[in-house]
Novice: 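If you scroll down you'll find the structure; I have some questions about it.
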Protein chains: 4
Amino acid sequence: MTEPRTTRQDAVKALKRELILDAARQVFEVEGLEGASIRAIARQAGYTAGAIYFHFPSKEAIYGAVLDESLDRLNAAVRDAVATAPDTPPDRLRAAALTFFAFYARNPRDLDLGFYLFRGGLQPRGLTDTLDAALNEKLAASLAPIGAALADMGFDDAACRAVTADTFGHAVGLLTLHHTGRIRMFGCSADDLMRGYVEALVGRLAG
Amino acid sequence: MTEPRTTRQDAVKALKRELILDAARQVFEVEGLEGASIRAIARQAGYTAGAIYFHFPSKEAIYGAVLDESLDRLNAAVRDAVATAPDTPPDRLRAAALTFFAFYARNPRDLDLGFYLFRGGLQPRGLTDTLDAALNEKLAASLAPIGAALADMGFDDAACRAVTADTFGHAVGLLTLHHTGRIRMFGCSADDLMRGYVEALVGRLAG
Amino acid sequence: MTEPRTTRQDAVKALKRELILDAARQVFEVEGLEGASIRAIARQAGYTAGAIYFHFPSKEAIYGAVLDESLDRLNAAVRDAVATAPDTPPDRLRAAALTFFAFYARNPRDLDLGFYLFRGGLQPRGLTDTLDAALNEKLAASLAPIGAALADMGFDDAACRAVTADTFGHAVGLLTLHHTGRIRMFGCSADDLMRGYVEALVGRLAG
Amino acid sequence: MTEPRTTRQDAVKALKRELILDAARQVFEVEGLEGASIRAIARQAGYTAGAIYFHFPSKEAIYGAVLDESLDRLNAAVRDAVATAPDTPPDRLRAAALTFFAFYARNPRDLDLGFYLFRGGLQPRGLTDTLDAALNEKLAASLAPIGAALADMGFDDAACRAVTADTFGHAVGLLTLHHTGRIRMFGCSADDLMRGYVEALVGRLAG
DNA sequence: TATGAATGAGTATTCATTCAT
DNA sequence: TATGAATGAATACTCATTCAT
């Protein structure tokens with residue numbers, strides 16, 4: 001059928017790419033986003049710094065690829081949760097919002113990454129316009145089920161967008177409090193607060 | 001009385017400290033938090049890099065001092081707003097929450113600063129335990145009027161803390177969306193959303 | 001006869017060599033001599049960097065080959081000009097000197113190349129002794145018609161060599177002034193000056 | 001009178017600057033101009049690479065300073081030679097041209113430096129407009145005595161400029177042949193040829 | 001107090017060359 | 001032949017911090 005050599009080579013290439021992205025994720029975890037360096041990522045991946053440039057054209061491109069994969073996983077998680085939930089708008093709203101929150105509660109650096117690369121709304125150096133657009137689209141897609149559930153509850157477009165933004169904002173804020181440890185000041189869990197926010201929302205909208 | 005020479009020297013010393021902190025704030029404004037350097041701050045203040053170390057033990061200490069003053073201004077703003085507002089718990093709640101939000105909407109770098117220094121919940125290098133504790137206390141104080149209003153509305157301590165955390169979180173999240181430009185995806189203003197959040201809260205609690 | 005397969009392979013090999021040398025010339029033109037890199041040359045030739053090493057043992061060897069071909073073209077140009085000129089010693093002298101000059105006025109990188117590879121009089125790394133000797137011989141050949149014309153005018157060997165060196169030097173100097181833009185300081189053209197030099201020479205020698 | 005401390009500090013500063021410039025000159029001598037690096041210069045001067053930047057803002061600035069001093073020495077040499085020579089235009093012409101030549105015969109790297117920094121006629125990065133203008137002016141000044149002698153011989157401005165350019169060119173060309181060793185092909189000395197050129201010039205102009 | 005020089009570790013990226021495939 | 005991955009050394013320049021003066 002197809003040439004096995006090419007396919008295998010492609011697989012090896014993809015594997016090495018993943019190896020570097022894994023290394024990057026590990027470095028981000030330990031050193032934080034700003035503390036990471038090409039050298040550190042290369043070392044973690046078992047490479048020389050220069051070797052990285054055969055797989056990615058720049059440091060920012062690595063960041064972009066890590067974020068891209070992260071958004072894919074986020075999207076899959078949200079989609080799955082919505083599909084599995086009871087098929088009522090409030091249940092889909094709950095599933096979408098809480099899965100979004102849970103994803104970033106478990107992957108703190110991915111949130112940093114998102115805001116690092118998205119800051120100012122301008123694409124940073126090294127991120128091609130196409131990648132930047134793709135990332136934006138993926139973020140929007142991960143929030144779309146929230147808007148869809150709201151639309152099914154009868155709200156107009158403006159209201160859907162506003163409530164989606166509000167929910168996104170609430171999640172981001174609680175996650176920030178959680179990841180910086182500030183939530184401890186209040187003796188309560190970010191998770192519970194997010195749940196409470198969503199229940200209040202559903203109650204208000206459905207009631 | 002006390003020795004005037006010492007007092008005058010102290011005043012001069014404090015003045016120079018302020019000069020450096022002003023310079024730091026200006027550099028933060030222009031270069032961002034991560035882009036700032038001791039040399040840039042020194043230059044802006046009319047000093048040499050080395051001279052800074054007579055006034056602050058480290059770069060992080062400057063950050064801490066800027067944050068400290070920022071929290072003082074935040075506290076004053078919240079206190080004033082609450083004192084000026086009609087003396088009913090819902091009005092005090094509104095005043096406290098919206099003033100908190102407005103402060104960081106106007107001072108984006110101060111928010112960065114807070115989360116930069118508070119990240120991980122561990123005190124970063126250069127920040128003494130005392131300063132760290134003081135900063136925490138001031139942050140708590142700036143949020144206290146929210147809790148106080150809630151207490152006046154009859155809620156127990158746990159509820160007060162939970163709602164305060166929730167409001168804090170909502171503000172932080174919307175501010176993040178605002179400052180990173182993500183809010184534009186939704187075609188609505190962070191300010192309006194915050195107002196909406198507070199009204200919903202008051203409606204729910206008072207109703 | 002000879003084995004046709006080998007011959008065809010040789011032809012293909014030579015063709016590919018030429019392809020690479022053309023690419024090198026184009027890169028030199030655009031990036032300059034020091035700005036050129038094996039990768040840039042390979043890219044221009046439609047190759048990978050590593051592939052170049054099947055055709056040339058080193059970067060300097062490519063330089064050498066480009067220079068070699070350049071000297072062949074120079075030789076041809078000078079020979080043609082002398083052959084075409086009226087068959088008197090002064091006319092042959094004019095033709096040879098001015099053609100030499102014109103060649104490098106039109107091909108600035110080739111002059112750089114010559115002095116890059118010939119600097120110090122020691123063969124640089126990557127240049128075999130044989131290639132170095134060949135290059136020297138070709139340079140000498142391109143100047144030989146000048147010496148020959150002088151000899152025909154009755155000068156002894158030492159005088160011929162001296163005047164040839166002087167003319168070579170004058171051309172090189174004016175070309176340097178031309179290519180670096182310094183000639184502009186004087187508001188005159190290198191070409192006119194070269195012509196003037198040759199006329200004065202002819203006048204002095206013939207007179 | 002004046003503050004000795006300031007004066008001494010200035011002297012120390014100037015000394016260290018010279019130390020670095022000396023180191024740069026030595027590196028240029030050994031490694032050539034393109035092979036030189038900030039690290040190599042720093043090592044030669046007994047410094048760390050970073051330390052260099054307290055004395056010079058960039059690598060090109062070092063090049064500029066070395067060239068600046070070189071041109072000062074050249075100017076002094078030419079001026080002295082002209083002042084010492086018999087006070088006739090031909091003698092002054094001889095003195096100026098041959099001293100110019102002799103200077104660069106003894107300081108080969110300084111010639112490279114000049115053409116490196118002056119290439120294209122555009123000031124290279126790191127060279128301020130003021131420095132670039134100053135260097136240009138100094139080069140012009142070093143050639144001015146040639147033009148002055150010619151003017152005294154009765155030539156108009158255009159002729160003076162043309163002959164100056166021609167002489168400059170001749171010197172540069174012979175120096176290039178000398179420094180690259182090409183002059184050996186002809187079995188004669190660049191110095192003798194330069195002398196011969198000047199004598200022919202004087203003979204032609206004065207005759 | 002303040003300066004200015006110095007350090008040493010750090011930054012992303014490029015390069016000629018080698019080699020397994 | 002040709003590729004693509006890899007190396008190891010190199011590049012100019014910046015940084016927070018220290019210290020003699």
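Any value given below was found using the heavy atoms of this structure, including those in side chains, with hydrogens, waters and symmetry copies removed. Every chain is numbered from 1, with letters handed out A, B, ... down the list of sequences. These numbers were taken from a predicted model, which means no experiment stands behind them.
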Novice: What are the two closest heavy atoms between L113(C) and L67(C), and how far apart are they?
Specialist: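 Closest approach of L113(C) to L67(C), heavy atoms only: CD2-N, 3.8 Å.
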Novice: Once you round it to whole Å, what is the distance between P of dT11(F) and CD1 of I62(D)?
Specialist: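 Result: 13 Å.
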Novice: Name the stems that DNA chain F belongs to, where each is three or more consecutive Watson-Crick or G-U pairs with both distances under 3.5 Å?
Specialist: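 Paired runs of 3+ in DNA chain F: E:2-21 with F:2-21.
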Novice: Taking only side-chain N and O atoms of H55(C), does any of them lie within less than 4.0 angstrom of OP1 or OP2 on dA2(F)?
Specialist: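 Indeed, a polar side-chain atom of H55(C) lies that close.
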Novice: Show me, pair by pair, the donor-acceptor contacts under 3.5 angstrom made by side chains of residues 11-18 of chain B, not counting sequence neighbours?
Specialist:
none

Novice: Once you apply a heavy-atom cut-off of 4.0 Å, does A42(C) come out as touching a base, just sugar-phosphate, or nothing?
Specialist: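 No contact.
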Novice: Are I38(A) and I62(A) packed together at the side-chain level, in the sense that at least one heavy-atom pair is separated by less than 4.5 angstrom?
Specialist: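 Touching, per the 4.5 Å side-chain cut-off.
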Novice: L21(B) and A65(B): which non-hydrogen atoms are nearest, and at how many Å?
Specialist: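 Distance-wise, the nearest heavy atoms are CD2-CB, 3.7 Å.
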Novice: Applying ring pair (Phe, Tyr, Trp, His ring centres under 6.0 Å), name anything that partners F28(B), two or more places apart in sequence or on another chain.
Specialist: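 Applying ring pair (Phe, Tyr, Trp, His ring centres under 6.0 Å) to F28(B) gives Y63(B).
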Novice: Could you tell me which residues satisfy side-chain contact (heavy atoms from CB on, under 4.5 Å) with D110(B), sequence neighbours excluded, listed by chain and number?
Specialist: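 Applying side-chain contact (heavy atoms from CB on, under 4.5 Å) to D110(B) gives S70(B), R73(B), F103(B), Y104(B), N107(B).
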Novice: I need the CZ-C1' distance between R43(D) and dA6(E), as an integer number of Å.
Specialist: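 Roughly 17 Å, once rounded to whole Å.
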Novice: Looking only at side-chain N and O atoms, does T48(B) come under 4.0 Å of OP1 or OP2 in dA2(E)?
Specialist: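 Negative; the distance criterion is not met.
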Novice: Starting at atom OH of Y47(D), determine the distance to atom P of dG8(E), rounded to an integer number of angstrom.
Specialist: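 After rounding, the reported distance stands at 14 Å.
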Novice: Of the residues in residues 13-25 of chain C, which ones touch DNA chain E at a heavy-atom distance under 4.0 Å?
Specialist: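 Close to the strand, none.
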Novice: Between side-chain atoms of residues 39-53 of chain C and protein atoms elsewhere (two or more places apart, or another chain), which donor-acceptor pairs fall under 3.5 Å?
Specialist:
from: Q44(C); atom 1: NE2; to: Q26(C); atom 2: OE1; distance (Å): 2.5

Novice: If I take atom CD in residue E34(A) and atom C1' in nucleotide dA12(E), what distance separates them, rounded to the nearest angstrom?
Specialist: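 From E34(A) CD to dA12(E) C1': 15 Å.
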Novice: Taking the nucleotide of DNA chain E with the nearest heavy atom to each, does Y63(C) or G35(A) sit closer to the 5' end?
Specialist: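 The residue whose closest nucleotide sits nearer the 5' end is G35(A).
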Novice: Looking at every heavy atom in both E29(C) and R109(C), which two are closest together, and how far apart are they?
Specialist: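 In terms of heavy atoms, the two residues are closest at O-NH2, 3.6 Å.
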Novice: Over all strands shown, is A40(C) touching base, sugar-phosphate only, or nothing at heavy-atom distances under 4.0 angstrom?
Specialist: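 The residue A40(C) makes no contact with any strand.
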Novice: By salt bridge (charged side-chain N to carboxylate O under 4.0 Å, His left out), which residues pair with E69(B), not counting sequence neighbours?
Specialist: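 E69(B): salt bridge (charged side-chain N to carboxylate O under 4.0 Å, His left out) contacts with R25(B).
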Novice: Within this structure, what is the CZ-to-P distance between F56(A) and dA12(E), rounded to whole angstrom?
Specialist: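 It is 15 Å, rounded to the nearest whole Å.
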Novice: On a heavy-atom basis, which atom in A24(C) and which in V66(C) lie closest, and how many Å separate them?
Specialist: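 The pair with the smallest heavy-atom distance is CB-CG2, 4.0 Å.
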Novice: Provide, to the nearest angstrom, the distance between the CD1 atom belonging to I52(B) and the C1' atom belonging to dC15(F).
Specialist: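 Going from CD1 in I52(B) over to C1' in dC15(F) covers 14 Å.
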Novice: Apply the test side chain to side chain donor-acceptor pair (under 3.5 Å) to residues E60(D) and Y116(D): give CA-CA distance (whole Å), side-chain angles for both, the deciding distance (0.1 Å), then the verdict.
Specialist: CA-CA 10 Å; E60(D) 306 275 327; Y116(D) 173 75; 3.2 Å; yes
Novice: Got a list of protein N/O to nucleotides 17-21 of chain E N/O distances below 3.5 Å?
Specialist:
from: dT17(E); atom 1: OP2; to: Y53(C); atom 2: OH; distance (Å): 2.7
from: dT17(E); atom 1: OP2; to: K59(C); atom 2: N; distance (Å): 3.0
from: dT17(E); atom 1: O5'; to: Y53(C); atom 2: OH; distance (Å): 3.3

